[in-house]
Amino acid sequence: MSEQRKSPFATVNPYTGETLAEFPAIEGAEVDAVLETAGDAFDAWRGRSIEERAALVGRVAGLMKERKETLARLITLEMGKLISEARGEVDLAASILAYYAEHGPGFAADEPLDVEEGEAYLVNEPLGVLLGVMPWNFPLYQVVRFAGPNLVLGNTVLVKHAGICPQSALALEVLFRDAGAPEGVYTNLFVSHDEISRIIDSPVVKGASLTGSERAGAQVAERAGRNMKPSLLELGGSDVFIVLDGEGLERTVGAAVAGRMANTGQSCVASKRFIVLAEVYDDFVEGMRGAFAALTPGDPSDEATTLGPLSSEQAASDLAEQIRETVEQGAELLIGGGRIDRPGAFVQPTILTGVKPGMRAYAEELFGPAAVIYRVQDEDEAIALANDSQYGLGGSVFCSDVERGRRVAERVETGMVWVNHPTSTQPDLPFGGIKRSGYGRELSKLGMQEFVNRKLVRVLPPDAELSGIAG
């Protein structure tokens with residue numbers, strides 16, 4: 001099957017391969033006009049009270065809940081997400097907006113500092129217009145975790161969404177407009193990759209956030225750095241799932257399958273590398289094999305389907321090639337390994353063992369329904385293997401002894417580690433990674449501290465002694 005895309009922004013149903021809608025990209029003078037509008041909007045937007053800004057974000061959350069089914073079916077249509085998971089994404093996105101509507105004013109409040117004479121405090125000021133370059137795999141959630149806190153803070157946002165989900169991108173813009181956002185406060189941008197550097201170069205734009213590939217992240221970070229502008233990157237991941245004992249193994253296997261197969265494995269924080277102590281390894285592998293074999297491919301809009309297509313034909317082809325080459329390099333294939341003989345961007349649920357350094361699946365992120373399982377002798381070997389990765393986004397440790405699990409978790413080199421639960425996300429917890437998984441934090445209070453001027457105001461009496469003048 002092949003995709004014929006005439007526009008960089010087109011909805012291609014990954015279940016049928018049919019192109020359903022196309023949208024032209026803007027360029028040149030049209031982009032400049034959008035930038036000017038966003039810049040003008042910032043001056044007025046920051047002039048509103050933070051309570052007004054928060055109330056608008058809260059109204060968007062309410063509209064999102066009202067339009068839940070329409071938004072969920074649009075996500076499923078564009079990138080193949082199971083309909084139940086699409087509904088869950090809408091709920092999560094709405095909860096993030098509601099969280100910042102409620103807590104954002106407190107997060108952005110002036111912060112007093114303890115000084116001996118006079119007073120000192122930090123004022124949290126917005127920077128201006130921000131560019132967000134967003135991925136396709138969570139077309140609502142990943143946008144609002146960028147837009148929500150920044151809009152409450154007083155920044156205005158330009159969102160360049162992924163080419164395969166233009167209708168989700170437009171639906172988000174409509175939500176903000178219907179909630180009463182002034183023109184230029186939240187703007188969807190249908191622009192080519194070539195325009196992104198020029199947008200970052202613009203003096204109107206004060207910062208850039210990207211969730212996506214390492215290559216795209218490096219380009220955005222380099223351009224932002226050249227312009228002395230802050231950036232935030234959330235990139236790939238190869239999350240570990242460490243199993244330290246066999247107590248509660250049924251739950252552990254269920255968590256492993258959920259952690260690997262959510263969004264058909266197309267998540268940066270999906271569990272990808274399963275590191276299992278030898279005494280429980282065989283039972284764990286058999287449990288995973290049975291669960292993978294039971295998955296049912298089909299129409300992602302059908303409630304009975306448990307295995308949806310990948311987001312595109314290219315994504316399916318790339319994953320199948322990674323698996324094929326890893327097996328050729330000597331890995332053992334326990335189940336799956338190729339495409340499913342049916343229309344659609346489907347890949348068989350796959351388990352690989354015996355993966356060693358130098359094989360593709362050892363170092364690369366597998367973005368789809370493919371798991372790599374390793375046998376180790378003790379927790380020191382487990383931690384060494386876990387940390388032998390260029391990635392450092394999330395991870396999880398499963399252990400009946402919570403204190404032991406905590407100790408192991410604290411030795412794993414990632415931005416996030418969960419004990420007895422796969423890596424996940426919620427509005428009040430910071431999200432982000434280290435190493436080649438990026439830098440910066442989104443969500444929680446920290447999500448309002450990336451694109452902000454934390455300005456010191458120091459007030460002294462007019463007769464204060466002049467001292468300590470340095471810098």
Side-chain angles (χ1 to χ4, degrees), residues 135 137-138 141-142 145-146 209-214 217-218 221 231-244 252 255-263 265-277 355 357 361-368 370-374 376 378-399 401-447 449-450:
N137 53 337
F138 292 91
Y141 154 68
Q142 284 167 315
R145 75 182 190 195
F146 158 69
S209 175
L210 177 139
T211 299
S213 69
E214 293 175 66
S231 60
L232 181 149
L233 303 180
E234 195 267 277
L235 308 177
S238 191
D239 282 21
V240 294
F241 185 108
I242 299 173
V243 181
L244 296 177
T252 300
V257 175
R260 173 65 278 197
M261 297 306 299
N263 206 33
Q266 299 168 112
S267 170
C268 297
V269 293
S271 304
K272 300 183 177 84
R273 297 181 295 143
F274 297 85
I275 300 173
V276 186
L277 262 60
V355 174
Y362 187 87
E364 296 180 9
E365 179 180 24
L366 301 181
F367 216 59
V372 179
I373 307 180
Y374 298 92
V376 294
D378 54 41
E379 63 184 56
D380 286 339
E381 185 182 356
I383 292 163
L385 180 56
N387 292 339
D388 187 20
S389 172
Q390 64 181 329
Y391 297 109
L393 190 53
S396 52
V397 178
F398 280 73
C399 183
D401 181 344
V402 172
E403 287 307 311
R404 182 188 182 195
R406 189 198 311 274
R407 290 195 304 271
V408 170
E410 290 176 356
R411 296 173 65 189
V412 176
E413 297 170 353
T414 59
M416 306 171 285
V417 188
W418 291 55
V419 177
N420 292 324
H421 194 285
T423 314
S424 189
T425 185
Q426 59 190 63
D428 56 347
L429 297 178
F431 189 102
I434 60 172
K435 300 183 183 179
R436 297 188 70 85
S437 290
Y439 52 80
R441 293 296 180 267
E442 296 180 289
L443 300 178
S444 75
K445 182 177 181 178
L446 299 185
Q449 296 180 344
E450 292 290 338

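Owing to the predicted nature of the structure, the values given are computational and were not obtained by experimental measurement.
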When rounded to the nearest 0.5 angstrom, what is the spacing between [atom1] in [X] and [atom2] in [Y]?
X	Y	atom1	atom2	value
Ser389	Glu413	OG	CD	9.5 Å
Arg407	Asp401	CZ	CG	6.0 Å
Arg436	Gln390	CZ	CD	6.0 Å
Asn137	Ser267	CG	OG	6.5 Å
Tyr141	Thr425	OH	OG1	3.0 Å

Within-4.5 Å side-chain heavy-atom neighbours: [X] and [Y]:
X	Y	answer
Val408	Ile383	yes
Glu214	Glu365	no
Arg441	Glu450	yes
Leu393	Met416	yes
Val376	Leu277	yes
Lys435	Tyr391	no

- What's the shortest heavy-atom distance between Ala386 and Ile242, and which atoms?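 Smallest interatomic distance, heavy atoms only, reads CB-CD1, 4.1 Å.
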Taking all non-hydrogen atoms of both residues into account, name the closest pair between Gly259 and Pro422 and its distance.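 Smallest heavy-atom distance, with atoms named: CA-CB, 3.9 Å.
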(Q) If the test is ring pair (Phe, Tyr, Trp, His ring centres under 6.0 Å), which one of Phe274, Trp418, Tyr374 qualifies with Phe241? (A)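 It is Phe274; the other options fail the test.
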So does Glu379 pair up with Arg404, basic N to acidic O under 4.0 Å?
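Yes.
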- Within the distance-only criterion (no hydrogens, no angle test), does the side chain of Arg260 pair as donor or acceptor with the backbone N or O of Gly265 below 3.5 angstrom?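 Answer holds: yes.
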* Asked: Between Leu232 and Leu210, does a side-chain contact (heavy atoms from CB on, under 4.5 Å) hold up when you go through it step by step?
  -> CA-CA 6 Å; Leu232 181 149; Leu210 177 139; over 6 Å; no
Margin query: The test is side-chain contact (heavy atoms from CB on, under 4.5 Å); show your working for Glu410 and Val417 and say whether it passes.
Written below: CA-CA 8 Å; Glu410 290 176 356; Val417 188; over 6 Å; no
